[in-house]
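As the structure is a computational prediction, the values presented were derived from the model and not from experiment.
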Protein chains: 2
Amino acid sequence: MRIGELAERSGVSVRSLRYYEEQELLQSERSSSGQRHYAEHAVERVGLIQLLFAAGLSSKTIQALIPCTITGVSTDETKALLLAERDRIDRQMADLAAARARLDEIVDIAFDPTLPCAHQDSPEKVSAA
Amino acid sequence: MRIGELAERSGVSVRSLRYYEEQELLQSERSSSGQRHYAEHAVERVGLIQLLFAAGLSSKTIQALIPCTITGVSTDETKALLLAERDRIDRQMADLAAARARLDEIVDIAFDPTLPCAHQDSPEKVSAA
DNA sequence: CTTGCCCCTCACATTGATGTCAGGTTTTAG
DNA sequence: CTAAAACCTGACATCAATGTGAGGGGCAAG
């Protein structure tokens, strides 16, 4: 398939797909005229890339880890990277959980009907009052 | 206390504290010579700011929510913001959990003793071989 | 052939918190 | 008094993924 179709099927912009290739996360065959062509499994690959990006991994890290996910072959470096990223994710989840708990407290206060609420009138009236 | 002490006690750079003030997240009294002075509770405030930054809230959002955390007063806008950020955090935690699970699978493969390992020899030997 | 759509590369813009440097003033310790 | 340390403002740098636009081919249908 060509890049437009891959973009649509994987829900990623064409720009991003070219970027992934530049970062060596995704390979393509080029037609004689230079157009990119992808195999079916590219869709899945892009999904993996997205998954890892969404968790805050850098393209460099993803690039290092991808061979491992494909061939199962790992080096000391990829192993260390794996563990480090997992730890980072754990820390980030803890950060998120803490912030979420704090926001919950604030929500409780904000939606407490016994507390005063700022007026929702038009701003002019409020400031003029 | 002055900015250096606050930085040290809150574990944040002086640069960041000035930035927080610029973003109206943190206030200071100025001495006649223009130096910033902070009350004790500023330490706690900085902690809150950090907590929310760590969860990916923008300074603009934090600025909108801070009055709510101090006075308990909320507007429709801050309420919507609270719920939106909480949802965003939930989604992000789900993303992290998914990536973590995927990394776990990869870890299992990478550390599987029955699978072949890339050699850890010096790179020259490997590539020369 | 022409029109339209998809593709190509190159390159600059964006966002946001923070680093860093420059040049200057204040405070503090000796 | 003087030197060091801390502070001030202002401005430019950073990182990373993505947006966007220019200028130019490729290919299929009419």
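- A:Phe53 places its CZ atom 6 Å from the P atom of D:dT18, with the value rounded to the nearest Å.
- Atom-to-atom, CD of B:Glu21 to C1' of C:dT18 comes out at 17 Å; the value is rounded to the nearest Å.
- Proximity of A:Ser13 to the phosphate of D:dT18: no side-chain N or O atom is located under 4.0 Å from OP1 or OP2.
- One can place CD of B:Glu5 at 12 Å from P of C:dT28, the figure rounded to the nearest angstrom.
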Fill in: A:Arg88 vs A:Glu85, salt bridge (Lys or Arg N to Asp or Glu O under 4.0 Å): CA-CA, chis, key distance, verdict
CA-CA 5 Å; A:Arg88 197 190 49 72; A:Glu85 287 299 324; 2.9 Å; yes

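- Rounded to a whole Å, the CZ atom of A:Arg18 is 13 Å from the P atom of C:dC6.
- Taking only side-chain nitrogens and oxygens, A:Ser59 comes nearer than 4.0 Å to OP1 or OP2 of D:dA17.
- Taking 4.0 angstrom as the limit, A:Arg36 places a side-chain polar atom (N or O) nearer than this to OP1 or OP2 of C:dC8.
- In this structure, B:Tyr19 atom OH and D:dT14 atom C1' are separated by 14 Å, rounded to whole Å.
- B:Ile3 places its CD1 atom 8 Å from the C1' atom of D:dC7, with the value rounded to the nearest Å.
- Judged by distance alone, with hydrogens and angles left aside, B:Arg15 brings a side-chain donor or acceptor within reach of the base of C:dT20, the pair sitting under 3.5 Å.
- The interatomic distance linking B:Leu26 (CG) with C:dA17 (C1') rounds to 15 Å, in whole Å.
- For A:Ser33 and B:Gln35, each mapped to the nucleotide of DNA chain C holding its nearest heavy atom, the one lying further toward the 5' end belongs to A:Ser33.
- The number of heavy-atom neighbours closer than 6.0 Å to CD of B:Glu5, taken from other residues, nucleotides and ligands shown, is above 12.
- Among the nucleotides C:dC7, C:dG19, D:dC7, the one closest to any side-chain atom of B:Ser16 is C:dG19.
- Within the 4.0 Å cut-off from OP1 or OP2 of D:dA17, not a single side-chain nitrogen or oxygen of A:Tyr20 is found.
- A:Gln27 CD: more than 12 foreign heavy atoms inside a 6.0 Å radius.
- Between the NZ atom of A:Lys60 and the C1' atom of D:dA17 there is a distance of 16 Å, given to the nearest Å.
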Fill in: Test log, rule salt bridge (Lys or Arg N to Asp or Glu O under 4.0 Å), inputs A:Arg100 and A:Asp104
CA-CA 6 Å; A:Arg100 202 211 190 273; A:Asp104 276 344; 2.9 Å; yes

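- No engagement by A:Ser31 is indicated, since no non-hydrogen atom pair under 4.0 Å with the nucleic acid exists.
- Here C:dT28 is the nucleotide among C:dT28, D:dC8, D:dT18 with the atom lying nearest to any side-chain atom of B:Arg2.
- The CG atom of B:Leu83 sits 4.5 Å away from the CZ atom of A:Phe111 when rounded to the nearest 0.5 Å.
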